[in-house]
Amino acid sequence: MNKEPKFKSTINRTLYENLSKLTTTQFKIFYAAFVHYFVDYKFFITQLNYFNLWCELNLLCHELDESFPDPYDDYEAMRSFCHYHPYYFLDRIPLELVAGLFAEHMNDRVNVLSHFTKLLSETDLYTAYGYMNDALGLTEPVEELVSETQIHIEFFSY
């Protein structure tokens, strides 16, 4: 269980260090933003790395909590569970371990993601999303991103 993270570069190590400073709520914000930019723009991680990350998180959840669906037993039950509990792994796996897994698997614009994470811990969500827009050349409405993120986290948190 005490897996030492393997980092591709110093920026991945910096991402790990920044992620390790987040609270559970801040990590949920990070994850919501990460998923948004991955799904809508394909930033930060390849499809294969995302799949591998998802598999590792699910396996760890099952190892730590046998009531968690077995990821190799029923794929549809697993997908359904994840859909209705998108932050499930943050409530079951130690944050330091989750931080290591994310940092290991990121392979695109990691410097942007790392700085976003640092802003989450040091400033506010508006500043962090504003930075993300600028760094990625996007013009998404920051107020809308912040509102949607906050509503999503509140709705799906225990």
Side-chain angles (χ1 to χ4, degrees), residues 3 5 7-47 49-61 64-65 68 78-158:
K3 181 181 171 192
F7 301 110
K8 296 172 181 75
S9 67
T10 55
I11 194 62
N12 289 76
R13 175 166 292 289
T14 302
L15 174 61
Y16 168 72
E17 291 166 0
N18 290 337
L19 286 169
S20 295
K21 294 175 186 173
L22 298 181
T23 65
T24 301
T25 300
Q26 289 170 327
F27 215 119
K28 288 177 181 182
I29 293 168
F30 161 82
Y31 183 66
F34 162 75
V35 168
H36 168 72
Y37 292 109
F38 171 66
V39 169
D40 288 359
Y41 301 102
K42 305 299 182 226
F43 289 143
F44 307 125
I45 191 169
T46 61
Q47 190 73 34
N49 277 12
Y50 183 78
F51 177 77
N52 289 336
L53 173 63
W54 191 69
C55 288
E56 286 188 52
L57 291 170
N58 293 336
L59 186 58
L60 279 171
C61 284
L64 294 170
D65 177 0
F68 186 81
M78 182 79 245
R79 276 188 52 163
S80 178
F81 182 89
C82 295
H83 177 76
Y84 289 105
H85 307 285
Y87 305 106
Y88 65 96
F89 58 91
L90 294 171
D91 297 320
R92 289 178 171 78
I93 303 172
L95 289 182
E96 186 174 339
L97 184 54
V98 174
L101 289 171
F102 271 83
E104 283 179 29
H105 287 86
M106 297 302 126
N107 60 348
D108 177 46
R109 301 176 193 226
V110 180
N111 59 329
V112 173
L113 193 59
S114 181
H115 191 68
F116 173 79
T117 304
K118 182 176 182 179
L119 290 172
L120 281 179
S121 68
E122 295 177 356
T123 64
D124 58 69
L125 193 48
Y126 290 93
T127 302
Y129 270 127
Y131 163 77
M132 198 68 99
N133 263 351
D134 291 342
L136 298 175
L138 303 172
T139 58
E140 293 187 305
V142 171
E143 296 79 16
E144 191 175 307
L145 289 168
V146 169
S147 176
E148 288 175 0
T149 300
Q150 290 171 332
I151 290 168
H152 193 268
I153 289 170
E154 185 177 325
F155 184 80
F156 285 106
S157 292
Y158 301 119

Among all residues two or more places apart in sequence or in another chain, which pass the side-chain contact (heavy atoms from CB on, under 4.5 Å) test with Thr149? Ile29, Ala32, Leu125, Tyr129, Ile153
For Leu95, which residues count as a side-chain contact (heavy atoms from CB on, under 4.5 Å) partner, sequence neighbours excluded? Thr24, Phe27, Leu90
Taking all atoms of both residues into account, what is the closest heavy-atom pair of [X] and [Y], and its distance?
{"X": "Pro94", "Y": "Leu64", "result": "CD-CD1, 4.2 Å"}
{"X": "Tyr84", "Y": "Pro86", "result": "C-CD, 3.6 Å"}
{"X": "Phe116", "Y": "Ala128", "result": "CD1-O, 3.3 Å"}

Residue from Trp54, Tyr16, Phe38, Phe34 passing ring-ring contact (aromatic ring centres under 6.0 Å, His included) with Phe102: Phe34
Output the distance between atom [atom1] ([X]) and atom [atom2] ([Y]), rounded to the nearest 0.5 Å.
{"X": "Thr14", "Y": "His115", "atom1": "OG1", "atom2": "NE2", "value": "12.5 Å"}
{"X": "Phe44", "Y": "Tyr50", "atom1": "CZ", "atom2": "OH", "value": "13.5 Å"}
{"X": "Glu96", "Y": "Lys21", "atom1": "CD", "atom2": "NZ", "value": "13.0 Å"}
{"X": "Leu119", "Y": "Phe30", "atom1": "CG", "atom2": "CZ", "value": "13.0 Å"}
{"X": "Leu120", "Y": "Met132", "atom1": "CG", "atom2": "CE", "value": "8.0 Å"}
{"X": "Asn58", "Y": "Arg92", "atom1": "CG", "atom2": "CZ", "value": "10.5 Å"}

Check each of Leu22, Asn18, Leu19 against Ser121 using the side-chain contact (heavy atoms from CB on, under 4.5 Å) test, and report the only one that passes. Leu22
Side-chain donor-acceptor contacts of residues 134-143 below 3.5 Å, not counting sequence neighbours, with atom names and distances?
unit_1 : atom_1 : unit_2 : atom_2 : d
Glu140 : OE1    : His36  : NE2    : 3.0
Glu140 : OE2    : His36  : NE2    : 2.9
Glu140 : OE2    : Tyr41  : OH     : 3.0

With side chains defined as the heavy atoms from C-beta onward, is the minimum distance between [X] and [Y] less than 4.5 Å?
{"X": "Met78", "Y": "Phe68", "answer": "yes"}
{"X": "Ile45", "Y": "Asp108", "answer": "no"}
{"X": "Thr117", "Y": "Glu17", "answer": "no"}

Backbone N/O of [Y] and side chain of [X]: donor-acceptor pair under 3.5 Å:
{"X": "Asn107", "Y": "Thr46", "answer": "yes"}
{"X": "His105", "Y": "Leu101", "answer": "yes"}
{"X": "Asn12", "Y": "Ala103", "answer": "yes"}

Does the pair Tyr87 and His152 meet the rule for a ring-ring contact (aromatic ring centres under 6.0 Å, His included), with working shown? CA-CA 10 Å; Tyr87 305 106; His152 193 268; 5.6 Å; yes
Can Asn111 and Ser114 be said to form a side-chain hydrogen bond (donor to acceptor under 3.5 Å, both in side chains), step by step? CA-CA 5 Å; Asn111 59 329; Ser114 181; over 6 Å; no
